[in-house]
Undergrad: 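My questions will all concern the structure given below.
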Amino acid sequence: MNRRMAPPLGAQALQGAVDWAIATRRSIRAYLPRPVPQEEIEAILSTARYSASGMNMQPWHVHVLTGAAKAGLSAAIAALDDDPGRSGELLEPYDYYPREWLSPYLERRRKVGWDLYGLLGIAKGDKQRMHMQHGRNYRFFDAPVGLFFTIDRALQEGSLLDCGMFLQSVMIAARGRNLHTCPQAAFLKFHRQIAEFLGIPAGQMLVCGMSLGYADESSIENSLATEREPVCAFTTFHDTTKETRT
């Protein structure tokens, strides 16, 4: 890719295409069995590699799973996840979520969870069905492609920020190819099993997993529409350009 080349669209069309890709990105939890060609995966990653990173460190590493590799890892994790005595003792490599939830994050977390369960007809307190639905994470929601992202353990929090920008670029580049994704922190507590299965070096830390494929729009869970705060709720404008009146 030549980054100096002129954009293929006019200014207005280009803006619309970029805005569309960002605004239509959503977490898809049911996929069609249609395979994604390896060249498409490589093209997505080739675009995402231009993501910003501090001092151009480019700290991300990507592991792509398809076919038997994906199925084998999913089965291994599912067996562990179905054993509360073993899975309950697993620790995550870093704290993704706060240890104590506070407002408004607690309310947002609860809402998205109950909105999803409501669509699926899972009643509050139905722990078995909740467990089954959560377990679909470990099958990558039946997506044909699973991704894992890692960084070197020697790096600091800033590299997690860099990796986050890379993840967003992957998801937006996927939308440009009519593909969907679901970033998944659910894999984190199984990071040791994932590293052993894939032969990931001990010096690498799992950041998250991701499903990639074509959305099954007939599945009810994919109709979930999460709410977004308006710009005025999270933005403060500081205007220093106004002339001082005397």
Side-chain angles (χ1 to χ4, degrees), residues 26-31 33 63-103 105-151 153 160 163-164 167 181-213 216 219-222 224 226:
R26 54 197 172 103
S27 292
I28 291 296
R29 296 178 175 86
Y31 292 83
H63 301 266
V64 181
L65 284 74
T66 58
K70 183 174 71 71
L73 179 59
S74 292
I77 292 177
L80 188 55
D81 183 51
D82 289 337
D83 186 343
R86 298 168 63 197
S87 64
E89 298 177 352
L90 300 178
L91 299 176
E92 298 181 355
Y94 67 96
D95 290 330
Y96 186 97
Y97 295 110
R99 299 194 178 192
E100 292 187 14
W101 289 86
L102 67 158
S103 183
Y105 314 112
L106 177 61
E107 292 82 3
R108 293 173 184 169
R109 175 199 182 195
R110 285 175 173 169
K111 178 171 174 51
V112 72
W114 288 120
D115 283 354
L116 176 60
Y117 287 158
L119 286 171
L120 294 170
I122 300 176
K124 189 173 184 179
D126 190 343
K127 294 183 179 180
Q128 182 177 2
R129 288 197 63 195
M130 289 180 187
H131 175 73
M132 291 175 61
Q133 174 60 28
H134 187 74
R136 296 192 67 247
N137 274 281
Y138 309 125
R139 301 204 315 267
F140 298 93
F141 300 109
D142 298 321
V145 182
L147 304 169
F148 287 112
F149 303 86
T150 67
I151 62 171
R153 292 183 184 277
L160 284 173
C163 197
L167 287 167
T181 56
C182 183
Q184 297 162 263
F187 283 105
L188 286 175
K189 71 176 184 177
F190 300 104
H191 67 103
R192 289 191 175 88
Q193 290 73 27
I194 293 168
E196 181 179 355
F197 189 93
L198 298 179
I200 297 175
Q204 291 285 311
M205 182 182 77
L206 179 65
V207 175
C208 74
M210 182 182 290
S211 300
L212 171 69
D216 181 355
S219 293
I220 188 66
E221 55 263 54
N222 287 338
L224 177 67
T226 54

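Just so it is clear, the model here is predicted, and its values are computed rather than measured. Just so you know, these numbers use all the heavy atoms, side chains as well, and skip hydrogens, waters and symmetry mates.
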Undergrad: Ignoring hydrogens and angles, tell me if any N or O in the side chain of N222 forms a donor-acceptor pair with the backbone of D216 under 3.5 Å.
TA: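 Checking the backbone N and O of D216 against the side chain of N222, a donor-acceptor pair under 3.5 Å is found.
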
Undergrad: For the residue pair P183 and S27, establish whether any side-chain heavy-atom pair is separated by less than 4.5 Å.
TA: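 Sidechains of S27 and P183: in contact.
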
Undergrad: Main chain of L120, side chain of R129: is a donor-acceptor contact present, judged purely on distance under 3.5 Å?
TA: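 Answer holds: yes.
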
Undergrad: Return yes if some donor-acceptor pair links the side-chain N/O of H63 with the main-chain N/O of G146 below 3.5 Å, else return no.
TA: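 Not a single qualifying donor-acceptor pair exists.
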
Undergrad: Look up atom CZ in F149 and atom CD in Q184, then write down how far apart they are to the nearest 0.5 Å.
TA: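 The CZ atom of F149 sits 10.5 Å away from the CD atom of Q184.
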
Undergrad: Give, for atom CD of Q128 and atom CD1 of I122, the distance between the pair rounded to the nearest 0.5 Å.
TA: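 The CD atom of Q128 sits 10.5 Å away from the CD1 atom of I122.
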
Undergrad: Measuring from R26:CZ to L224:CG, what's the distance to the nearest 0.5 Å?
TA: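 Nearest 0.5 Å value for the CZ-CG distance: 9.0 Å.
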
Undergrad: Under 3.5 Å, side chain of Y138 to main-chain N/O of A186, donor-acceptor pair present?
TA: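 Yes; at least one donor-acceptor contact below 3.5 Å.
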
Undergrad: Take R110 and E107, measure what side-chain contact (heavy atoms from CB on, under 4.5 Å) needs, and give me the verdict at the end.
TA: CA-CA 5 Å; R110 285 175 173 169; E107 292 82 3; 5.8 Å; no

Undergrad: Kindly determine whether K70 and V145 satisfy side-chain contact (heavy atoms from CB on, under 4.5 Å), including the steps that lead there.
TA: CA-CA 8 Å; K70 183 174 71 71; V145 182; 5.9 Å; no

Undergrad: Rounded at 0.5 Å granularity, tell me how far CG in D81 sits from CE in M132.
TA: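 Output value for this atom pair is 12.0 Å.
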
Undergrad: Search all heavy atoms of F197 against all heavy atoms of A69 and return the closest pair with its distance.
TA: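 Residues F197 and A69, closest heavy atoms: CE2-O, 3.5 Å.
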
Undergrad: Looking at every heavy atom in both Q193 and K189, which two are closest together, and how far apart are they?
TA: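 Result for this residue pair: OE1-O, 4.1 Å.
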
Undergrad: Look up atom CG in D142 and atom CD1 in I28, then write down how far apart they are to the nearest 0.5 Å.
TA: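 If we round to the nearest 0.5 Å, D142:CG and I28:CD1 are 13.0 Å apart.
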
Undergrad: Taking all heavy atoms of F141 and all of N137, pick out the closest pair and write down the distance.
TA: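 Closest pair (atom of F141, atom of N137, distance): CZ-OD1, 3.4 Å.
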
Undergrad: Within the 4.5 Å heavy-atom criterion, are C182 and Y31 side-chain neighbours or not?
TA: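 They are in contact (side-chain heavy atoms under 4.5 Å apart), so the answer is yes.
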
Undergrad: Mind checking whether L167 and C208 have side chains closer than 4.5 Å, heavy atoms only?
TA: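 In contact.
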
Undergrad: Do Q133 and R136 come close enough that some side-chain heavy atom pair is under 4.5 Å?
TA: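 In short, these two side chains touch, coming nearer than 4.5 Å.
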
Undergrad: I151 and L160: which non-hydrogen atoms are nearest, and at how many Å?
TA: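 For I151 and L160, the tightest heavy-atom pair comes out as CD1-CD2, 3.8 Å.
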
Undergrad: Is there a donor-acceptor pair under 3.5 Å between the side chain of R139 and the backbone N or O of S74?
TA: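 Here the side-chain-to-backbone pair does not exist.
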
Undergrad: Taking the side chain as every heavy atom from C-beta outward, state whether V64 and L212 have any pair of such atoms under 4.5 Å apart.
TA: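 SC-SC contact between V64 and L212 ruled out.
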
Undergrad: With a 3.5 Å distance limit and no angle check, can you tell me whether E221 reaches the backbone of A30 through a side-chain donor-acceptor pair?
TA: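 Not a single qualifying donor-acceptor pair exists.
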
Undergrad: Could you check, using the six-membered ring where one of them is a Trp, whether F187 and F140 have ring centers closer than 6.0 angstrom?
TA: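 Yes, ring centres under 6.0 Å apart.
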
Undergrad: Does the side-chain contact (heavy atoms from CB on, under 4.5 Å) test come out yes or no for R29 and S219, once each step is laid out?
TA: CA-CA 9 Å; R29 296 178 175 86; S219 293; over 6 Å; no

Undergrad: Of all heavy-atom pairs between R192 and L91, which one has the smallest distance, and what is that distance?
TA: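 Where R192 meets L91 most closely, the heavy atoms are NH1-O, 4.2 Å.
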
Undergrad: Contact between I77 and I194 at the side-chain level, heavy atoms closer than 4.5 Å - yes or no?
TA: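 In contact.
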
Undergrad: Is a donor on one side and an acceptor on the other found under 3.5 Å between the side chain of K124 and the backbone of W114?
TA: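 Side chain of K124 to backbone of W114: no pair is present.
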
Undergrad: If I take atom CG from residue L147 and atom OG1 from residue T66, how far apart are they, to the nearest 0.5 angstrom?
TA: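 These two atoms lie 10.0 Å from each other.
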
Undergrad: Taking all atoms of both residues into account, what is the closest heavy-atom pair of Y94 and L206, and its distance?
TA: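 Heavy atoms only, the tightest pair is CE2-O, 3.5 Å.
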
Undergrad: Report the C-alpha distance between D115 and T226 in whole Å, list the side-chain angles of each, state the deciding distance to 0.1 Å, and finish with yes or no for side-chain contact (heavy atoms from CB on, under 4.5 Å).
TA: CA-CA 9 Å; D115 283 354; T226 54; over 6 Å; no

